[in-house]
Trainee: 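One structure, pasted below without further comment.
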Number of protein chains: 2
Amino acid sequence: MSACAQCLARQGTLCGALDEETRARLLAMAHAEEHAAGRWLVQPGAAADAVFILRAGHAHVARLTHEGKRQILAFLFPGDFFAFTYEQRYAYGAWAATDVALCRLARHQLEGLVTTTPALERRIRVQVTRQLDSVQELVFTLGRKTALERVASFLWYLDYRQRKLGRPGAMTDIPMSRADIADFLGLTSESVSRALTRLRSEGLISLPAADQVGILDMPRLRSIGVVEAEPVPEQPPG
Amino acid sequence: MSACAQCLARQGTLCGALDEETRARLLAMAHAEEHAAGRWLVQPGAAADAVFILRAGHAHVARLTHEGKRQILAFLFPGDFFAFTYEQRYAYGAWAATDVALCRLARHQLEGLVTTTPALERRIRVQVTRQLDSVQELVFTLGRKTALERVASFLWYLDYRQRKLGRPGAMTDIPMSRADIADFLGLTSESVSRALTRLRSEGLISLPAADQVGILDMPRLRSIGVVEAEPVPEQPPG
DNA sequence: GATGCTAACTGATCTGGATCAGTGCGGCGC
DNA sequence: GCGCCGCACTGATCCAGATCAGTTAGCATC
């Protein structure tokens, strides 16, 4: 079984629910790649000619400014696809945080298959819509949450992602640095540290190592972090 | 010509580039609606059973918290479609800022047409991807820009949207309140006012009325606001 | 054209998170 | 084992933007 086959068969991702034939065709055009940690997988501003699926490792999508500011737009977990756009060039870059393995799909090839395969088209639409929902979630976090709320919701999100990948352990990995978390949440690494310390001192989490959290009180963590949207019967705030 | 026909024929939107037959079918399932200012067009948390296209007026997509905080996720202009999701319920609401006119498309009907019409499927995918790009832009704004930068980029955005709708006048309308702008940019209305005052006092804009700006120095406004992503040759910041 | 009423603006003060400046610690090379 | 290096944490100070408190400018109503 080729390197890409397994990742294309994964449930709940781009191709999981597709029929055999379509998956075989995708597999035929998929190009397996490996990259070392600390490299651009997608160069910001490069010609947008391919779509990728992360097979293994951790990566993130980020936008940079000329002053060296960075905003991480998404953390990528195995099975996630990225670099999908209709623009000529990528507005953002994708960075390998660890050693990673990818499937690369040439955009024009994929586009060809998509036009003759409604089921694939639909899968892509579902995935892009999901991504839209999750970025809107991030907008809310950045616009209207305090530092503590941001970190609490981030821990919930980390746990959720890892649970979905099927790791039911008591501990949740933190596979990125404090600086990465800060650049995702619109904070500094110091603020992330302080928020974690505070959550620990209040007994919501344990921090046995810098890259591991144990969530001790999920309901309270959720209530601090998630700030649930509520079905409003009538009348707006503004 | 029915109320919806014109909006379905509009170029650059959901249905602009479709063939006659598909457009006729869409038109057949489109239900024209009008709503007064200050009402929910889409109730947050309501069953997600329809998709809408804004025909006339202004509206916005917003998420609320139980503490009365609000984050506006997008301002809607004529031709925009919204409330498109694969979830059971809307995570966000859409609010009529002025009197509005809509086309309503029942989700199950649209879904049926979409599966047999690749061109429509593709149009939706392009639109959703564009929305994703613009929300990512907002993430960057909220995560890494100062108040002045946010307001400057917002004015550029307003001007861009209105230019695209074909209003080449020297003045740009501001069809929403300062509080709305604040809730979009993650600020307070006071901060929005101060930023506008400062941009005016530095000669970048004129403010003949509260709901109109004249952009006097677009290059400088862009350079303050847009903080362009730059194609990085190698090496990350983190 | 006086009387409210609402939204925009502005000034004074407060504060959450940034910034600056360390300390502590775990992993790695020698 | 020991020194080095990089990251996480923590303490002290600073500051951008929030908050609080008016003032001003339309605009509708009588």
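Per chain, numbering begins at 1; letters A, B, ... match sequence-line order.
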Trainee: Measure CG/Leu185(A) against P/dA18(C) and give the value in whole Å, please.
Mentor: 10 Å
Trainee: Taking 4.0 Å as the cut-off, does a side-chain nitrogen or oxygen of Thr188(A) come that near to OP1 or OP2 on dG17(C)?
Mentor: no
Trainee: Does any donor-acceptor pair link the side chain of Arg194(A) with the base of dG11(D) at a separation under 3.5 Å?
Mentor: yes
Trainee: Inspect the contact between Arg55(B) and Glu33(B) and indicate whether a charged nitrogen and a carboxylate oxygen are less than 4.0 angstrom apart.
Mentor: no
Trainee: Whole-Å distance between dG16(C) P and Leu148(A) CG?
Mentor: 12 Å
Trainee: Picking from dC9(C), dG17(D), dC9(D), which would you name as closest to the side chain of Leu207(B)?
Mentor: dC9(C)
Trainee: Can you tell me if the side-chain N/O atoms of Thr197(A) get under 4.0 Å from OP1 or OP2 in dT10(D)?
Mentor: yes
Trainee: Find the distance Ile181(B):CD1 to dA7(C):P and express it as a whole number of Å.
Mentor: 14 Å
Trainee: Categorize Ser189(B) for me: base, sugar-phosphate, or nothing, with a 4.0 angstrom heavy-atom threshold over every strand shown.
Mentor: nothing
Trainee: Would you check, one step at a time, whether the test ring-ring contact (aromatic ring centres under 6.0 Å, His included) holds for His58(A) with Phe75(A)?
Mentor: CA-CA 8 Å; His58(A) 286 285; Phe75(A) 289 109; 8.8 Å; no
Trainee: Let me see the working for Phe154(A) and Phe184(A) under ring-ring contact (aromatic ring centres under 6.0 Å, His included), right down to the final yes or no.
Mentor: CA-CA 9 Å; Phe154(A) 180 72; Phe184(A) 180 64; 5.7 Å; yes
Trainee: How long is the line joining CD1 of Ile174(A) and C1' of dC7(D), in whole Å?
Mentor: 13 Å
Trainee: Could you tell me how far apart Arg200(A) (CZ) and dT10(D) (C1') are, to the nearest whole angstrom?
Mentor: 11 Å
Trainee: The side chain of Arg178(A) lies closest to which of these nucleotides: dG17(D), dA21(D), dC9(D)?
Mentor: dC9(D)
Trainee: Between Asp180(B) (CG) and dA7(C) (C1'), how many Å, whole number?
Mentor: 12 Å
Trainee: Toward the 5' end of DNA chain D, which comes first, Ser193(A) or Arg144(A), by nearest nucleotide?
Mentor: Ser193(A)
Trainee: Rounding to an integer number of Å, can you tell me how far Glu149(B) CD sits from dG17(D) P?
Mentor: 9 Å
Trainee: Please state how far atom CG in Asp183(A) lies from atom P in dC7(D), giving the value in whole angstrom units.
Mentor: 13 Å
Trainee: Do the side chains of Arg161(A) and Asp80(A) get close enough for a salt bridge, i.e. N-O under 4.0 angstrom?
Mentor: yes
Trainee: Nearest to the side chain of Leu196(B), which nucleotide is it out of dC20(D), dC9(C), dG17(C)?
Mentor: dC9(C)
Trainee: Apply side chain to side chain donor-acceptor pair (under 3.5 Å) to the pair Glu67(B) and Thr65(B), showing each step before the final yes or no.
Mentor: CA-CA 5 Å; Glu67(B) 300 126 342; Thr65(B) 71; 3.3 Å; yes
Trainee: From dA8(D), dA21(D), dG17(D), pick the nucleotide closest to the side chain of Ala210(A)?
Mentor: dA8(D)
